Amino acid sequence: MIRLLSLLGILVAAVVQPALAQDAKATFATLATDNYADIEKGIGAIAESGAPTAEAVLNALGDNRLLYRPSDKALFYKDASGAFHDAATGAVVTPAPAGLKPVRLNNRVRRAVEAAVGTLTLMSPEAAKRRQAAEAVFRSRDAATLPALAKAIAAERDDGVKQALRQAQAAIFLTADGIADSDRIAAVDIVAARGDQDARSMLIQVAGRGSPVLKLAAETAIEAIDRRLAIAATVQNIWYGLSLGSVLLLAAIGLAITFGVMGIINMAHGEMVMIGAYTTFVVQEICRTRFPGLFDWSLPVALPLAFLVAGGVGALIERLVIRHLYGRPLETLLATWGISLILQQAVRSIFGPTNREVGAPSYMAGAFDVMGVTITYGRLWIVIFSLCVFLGLIAVLKLTPFGLRMRAVTQNRRMASAMGIRTPRIDMLAFALGSGIAGVAGVALSQIDNVSPNLGQSYIIDSFMVVVFGGVGNLWGTFVSALTLGVANKFLEPYAGAVLGKILLLVFLILFIQKRPRGLFALKGRSVEA
């Protein structure tokens, strides 16, 4: 009996499967035309056919990878590797068929594809795919998807996905014909809850052609969205300003140490940042070529190495050049400027003049939204990292014997020397510490800027602005100054542009220094007050 049933199953499959394949071919053949209206109808037929390859075919059409053979209207699609597949069966076709033409594509067809793919995935077991499908239907606003949407809303258990599905349904109610005004007015509130530009654009269309009651509801919702978008734009600018300020803090905090403790105008500070960035590049190259599985650990490995390499170069510069020029600020400025040119040329000779690629680990890729504010993981990690570096440096200066001696030298060098502190050794260690922190800053900057021999030059002027504005040698002043200048720069950019905005900040800084020559937070001490 069992053998008989299995034979019957085989016979049924032998009869039904070719028939299904033939029906699929006939359905897919509706796309083998130059008429956009027929292609649009064929997309809906494919979505309703239930064919196993329907989603793959529609995605290929949307990506311009769908082709047909004019002689028999057979349809084929290419995968990412370039292999051809039969649209009806999904089987790989070898050799590649000849004489193929691409299925024509325009914006209406693209919207129809989005809606059809959304309909296919509305009942997906994965919540992320269902949300993507809802967004696709929201954008396409295809009334043909209303039955599928109603079914998906009834079956949905995830509150976030259900809200996205209702917003897609409301978008169709607002734009489709034959919908009652009461349903449209209810749909206005649902769409307005999105609070984004897509919702605003849709409501503007509704306000322009709806009934007076619907027009009033749409205009009220638009005003609410405008207020929300204005608040979100302000918060977004503040976030951008804080992220820029954290970058300035990383670049300037090392300079605050060398400039504050030693009085050295170090024009090679930017090259310490560059050295840290190239150290990151070398570590990542080793990971790529020898230990690809450890790529996500490349930045944690590069951090201490960048600190040691940049700190070592800084100590070498101090011992060979800087210590012979104390008390001669103009000579130190010229000498460090010459050193910066030497370091840039050395990097060009070793790594070449072109930009080098530094990748982001998986945990720094992507972004997320908070109340309409987009936050990238890369920037978020840099903000957190800059705060950790700042707090760590504060702990070193406040809680360690080295920090105590360095603060003593900063406040009164002669008295510190008279008390037995070896000020030349403190100078070397302070210069190495400042250079090492600049190297660590280079690791972070490699994630948001081009790694090139000119990397440091982009931040040296800004670093001096931050240090002078905050108060020479005062780390808390550097912290407040970096964040203040970062936020101010981002609020000025939309009105004055990036270059003019920076010029305005520089003018403000010059005027501010005329009133407070020691910056926001002046150091206290007999030497510095003299």
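Computed over heavy atoms, backbone and side chain alike; hydrogens, waters and symmetry mates excluded. Quick caveat: nothing in here was measured; it's all calculated off a predicted structure.
Between the side chain of Asp79 and the main chain of Ala83, a donor-acceptor pair closer than 3.5 Å is present. Put simply, the side chain of Trp381 gets close to the backbone of Tyr363: a donor and an acceptor are under 3.5 Å apart. Panel note: side chain Gln284, backbone Gly359; a donor-acceptor pair is recorded below 3.5 Å. Proximity of a side-chain donor or acceptor of Asp158 to a complementary backbone N or O of Gly160 within less than 3.5 Å is detected. Side chain of Asp296 to main chain of Ser362: a donor-acceptor pair is present (N/O by atom type, distance under 3.5 Å, no hydrogens or angles). The closest donor-acceptor contact from the side chain of Arg227 to the backbone of Ile222 lies at 3.5 Å or more, if one exists at all. One N or O on the side chain of Thr234 and one on the backbone of Ala230 form a donor-acceptor pair closer than 3.5 Å. A donor-acceptor pair under 3.5 Å is absent between the side-chain atoms of Glu40 and the main chain of Arg108, judged by distance alone. No side-chain donor-acceptor contact under 3.5 Å links Gln167 to the backbone of Ala187.
More than 12 heavy atoms of other residues, nucleotides or ligands sit less than 6.0 Å from atom CZ of Arg288. At most 12 heavy atoms of other shown residues, nucleotides or ligands fall within 6.0 angstrom of atom CZ in Arg166. Residue Asn35 qualifies as enclosed at atom CG: its count of foreign heavy atoms under 6.0 Å is above 12.
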Stepwise side-chain contact (heavy atoms from CB on, under 4.5 Å) test for Phe281 and Glu357: CA-CA 7 Å; Phe281 166 72; Glu357 179 185 358; 5.8 Å; no
Step by step, work out the side-chain contact (heavy atoms from CB on, under 4.5 Å) result for Tyr240 and Leu244. CA-CA 6 Å; Tyr240 286 153; Leu244 174 61; over 6 Å; no
Might you work through the side-chain contact (heavy atoms from CB on, under 4.5 Å) test for Ile43 and Leu61, ending with a clear yes or no? CA-CA 9 Å; Ile43 290 169; Leu61 175 57; 3.7 Å; yes
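Using a cutoff of 4.0 Å between basic side-chain nitrogens and carboxylate oxygens, Asp226 and Arg200 are scored as salt-bridged. Between Arg69 and Asp72 there is a salt bridge, since at least one side-chain N of the basic residue sits less than 4.0 Å from a carboxylate O of the acidic one.
Side-chain contact between Ile382 and Leu250 is present, with at least one heavy-atom pair separated by less than 4.5 Å. Residues Ile437 and Leu393 have side chains in contact (heavy-atom distance under 4.5 Å, counting atoms from C-beta outward). In this structure, the side chains of Phe76 and Leu66 stay at 4.5 Å or more apart for every pair of heavy atoms.
Ring geometry for Phe508 versus Phe469: interplanar angle over 60°, hence perpendicular rather than tilted (30 to 60°).
Geometrically, Arg194 engages Phe138 in a cation-pi contact defined by less than 6.0 Å to the ring centre and at most 45° from the axis.
Among Val389, Leu242, Thr478, Leu485, the single residue meeting the side chain to side chain contact (heavy atoms under 4.5 Å, CB included) criterion with Leu249 is Thr478.
Not counting sequence neighbours, the partners of Leu67 by the side-chain contact (heavy atoms from CB on, under 4.5 Å) test are Lys78, Phe84, Leu100. Residues meeting the ring-ring contact (aromatic ring centres under 6.0 Å, His included) test with Tyr77, sequence neighbours left out: His85.
Using modelled atom types, one finds a donor on one side chain and an acceptor on the other under 3.5 Å when comparing Arg104 with Tyr36.
Put simply, CD1 on Ile253 and CZ on Phe479 are 9.5 Å apart, with the number rounded to the nearest 0.5 Å. Here Asn489 contributes atom CG and Met465 contributes atom CE; the two are 8.0 Å apart, rounded to the nearest 0.5 Å.
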